[in-house]
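We count residues from 1, following the sequence as given.
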Amino acid sequence: MNDYADGLYYSSEGLLNRELFLSDFNNVNIYVEDTGKEYEYEGVFERLFDNNIKIFSIFPLGGKEAVIKAFREKGIADNEGKTNIYIVDGDFDNIWDDCKVNSPNVIYLSRYNIESYYCSKEAVVKYMRLFLKRKREDVDNLIQFDNWRLNFCSTITPLFILFALVKKHCPTIPTVGTAIKDFLDRNGNLIIENMDKYRLEISNKIGPIDSIEDEIKEKIDKNFTGDNEEKNLSIICGKFQIESLCRYLKYHCGKDISRNSLRNYLIENFDLSPLSFLKDKILFLMSTKTHSCNTAWCFYTP
């Protein structure tokens, strides 16, 4: 596997070993999944820690398996005792938690992925106020963000429950990767007929799925915090959220919304409070002095 970062070519081994050259500039070594998105994590961590922690470089490894591999090999601290943190997407592991690595240094995001935190109301309203050049009250009345989010969560959640079911019980059927082109209409709404066809495809392959869907709903209620809307939002991938929102905003304001412009604004302005758990965990791990035995402890697989 090979990846590009900042115009340079990196092999998988190169990505893994960048720490050897750059970790001296960090107070903590942070490994993440996504290559090419270091700038996003930089922006998030700069705001999250108010620049009080020095993170010169974040180490992307090209996927969850690569991050877990790094955890196995590098452990919870480097040779100088500096804390290693491994951040991975929650995706559906937060539902099927028997698939998770059990170590405090491996931190699962509380939502599907980092993008799943971006669509916060205040950031969207501010972006649209600048985009439309209108007062906040006018923007609020026009876009009705709360209505979008309520409708989005209530209609899309059944689809992502099916995706979670497929990941566990029928992994040969495509899931999130095909979601946008197959399941969203031009206004950002779910195409219900396509979801019904998808559900039928699953049932034809593995039999009745009602009981499994009920099991997943129970796990969502148990494994996530907040109200029902917040819990459901936690299993929906961020790319899907942003795409739905962008199409919805275009429909309501009658103007083209630049997807990249909206996304980039949200990265720098979304509400950080749902990520407070990440800040607390990292600060706690950095403050502990338990690195004398540097092993990838507490690792298990189903």
Side-chain angles (χ1 to χ4, degrees), residues 1 3 12-13 15-19 23 26 28-35 37-38 40-41 44-45 48 55 58-79 81-117 160 163-169 171 175-176 215-216 219-220 222-225 231 234-238 274-302:
M1 177 179 175
D3 290 280
S12 298
E13 293 75 16
L15 288 170
L16 188 61
N17 289 317
R18 289 175 69 196
E19 173 211 327
S23 66
N26 293 334
V28 58
N29 300 318
I30 297 180
Y31 298 88
V32 299
E33 293 188 35
D34 301 319
T35 56
K37 292 186 179 179
E38 296 95 316
E40 295 186 28
Y41 281 96
V44 170
F45 287 127
L48 196 62
I55 306 175
I58 292 166
F59 305 116
L61 298 180
K64 183 174 293 184
E65 290 184 5
V67 175
I68 300 306
K69 177 183 177 183
F71 165 68
R72 285 172 165 170
E73 295 177 355
K74 294 178 177 294
I76 60 177
D78 64 16
N79 292 332
K82 190 179 301 179
T83 304
N84 292 334
I85 303 290
Y86 307 87
I87 299 174
V88 292
D89 294 344
D91 54 54
F92 299 125
D93 291 346
N94 285 332
I95 295 176
W96 306 117
D97 52 11
D98 57 337
C99 299
K100 296 173 75 170
V101 173
N102 183 17
S103 169
N105 290 62
V106 179
I107 303 176
Y108 287 77
L109 294 176
S110 61
R111 296 184 181 178
Y112 188 94
N113 56 9
I114 192 66
E115 290 178 302
S116 299
Y117 298 92
F160 274 80
F163 289 155
L165 184 159
V166 164
K167 179 178 180 180
K168 179 77 170 181
H169 297 281
T175 57
V176 178
E215 177 191 1
I216 294 172
K219 285 180 175 291
I220 292 172
K222 176 184 176 182
N223 294 355
F224 298 97
T225 59
K231 289 178 179 181
S234 297
I235 70 163
I236 303 170
C237 78
L275 282 174
S276 60
F277 80 98
L278 182 61
K279 176 182 178 180
D280 293 343
K281 285 187 176 183
I282 291 175
L283 289 176
F284 174 77
L285 289 167
M286 290 180 66
S287 69
T288 56
K289 303 298 182 182
T290 58
H291 302 314
S292 58
C293 180
N294 183 28
T295 57
W297 54 282
C298 296
F299 180 83
Y300 70 90
T301 56

V32 versus P60: any side-chain heavy-atom pair under 4.5 Å?
-> yes

Scanning both residues in full, the closest heavy-atom pair of L285 with N105 reads CD2-OD1, 3.6 Å

Here the pair of heavy atoms bringing S110 nearest to S234 is O-CB, 3.7 Å

Notebook entry, point to check: Run the side chain to side chain contact (heavy atoms under 4.5 Å, CB included) check on F45 and I282 step by step: do they pass?
Noted result: CA-CA 11 Å; F45 287 127; I282 291 175; 4.0 Å; yes

Sequence neighbours excluded, the answer for side chain to side chain contact (heavy atoms under 4.5 Å, CB included) partners of N113 is D89, E115, S116, C237

All heavy atoms of L48 vs all of L275, minimum pair found to be CD1-O, 3.9 Å

For K281, the side chain to side chain contact (heavy atoms under 4.5 Å, CB included) test, sequence neighbours excluded, returns I107, F277

To the nearest 0.5 Å, atom NZ of K64 lies from atom CG of D34 at 11.0 Å

Smallest heavy-atom separation, T83 atom then M286 atom, equals OG1-CA, 3.7 Å

Sorted by chain and residue number, the side-chain hydrogen bond (donor to acceptor under 3.5 Å, both in side chains) partners of Y112 (sequence neighbours excluded) come out as none

Could you tell me whether the side chain of N94 reaches within less than 4.5 Å of the side chain of I235, counting heavy atoms only? no

Here the gap from I30 atom CD1 to I85 atom CD1, rounded to the nearest 0.5 Å, amounts to 6.5 Å

Review point. Going through the checks in order, is the side chain to side chain contact (heavy atoms under 4.5 Å, CB included) test met by K69 and L61?
Key: CA-CA 10 Å; K69 177 183 177 183; L61 298 180; over 6 Å; no

Item to complete: Test I95 against I220 for side chain to side chain contact (heavy atoms under 4.5 Å, CB included), laying out the working first.
Response: CA-CA 6 Å; I95 295 176; I220 292 172; 4.2 Å; yes

Here the gap from D93 atom CG to K168 atom NZ, rounded to the nearest 0.5 Å, amounts to 10.0 Å

Are the side chains of F163 and I216 in contact, using a 4.5 Å heavy-atom criterion?
no

Correct closest heavy-atom pair for A164 and F92 would be CB-CD2, 3.5 Å

Rounded to the nearest 0.5 Å, the CG atom of L278 sits from the CD1 atom of I87 at a distance of 4.5 Å

Exercise for review: Return the orientation label for the Y86 and F71 ring planes: parallel under 30°, perpendicular over 60°, tilted otherwise.
Suggested key: perpendicular

Q) Under a 4.5 Å cut-off applied to non-hydrogen side-chain atoms, are D91 and K167 in contact? A) yes

Take F224 and R111, measure what side chain to side chain contact (heavy atoms under 4.5 Å, CB included) needs, and give me the verdict at the end. CA-CA 9 Å; F224 298 97; R111 296 184 181 178; over 6 Å; no

Between K231 and T225, the two heavy atoms sitting closest are CG-O, 3.5 Å

- Message: Measuring only between side-chain heavy atoms, which start at C-beta, is V44 closer than 4.5 Å to Y117?
- Response: no

*Polar side-chain atom of Y108 near backbone of V101 as donor-acceptor pair, under 3.5 Å*: yes

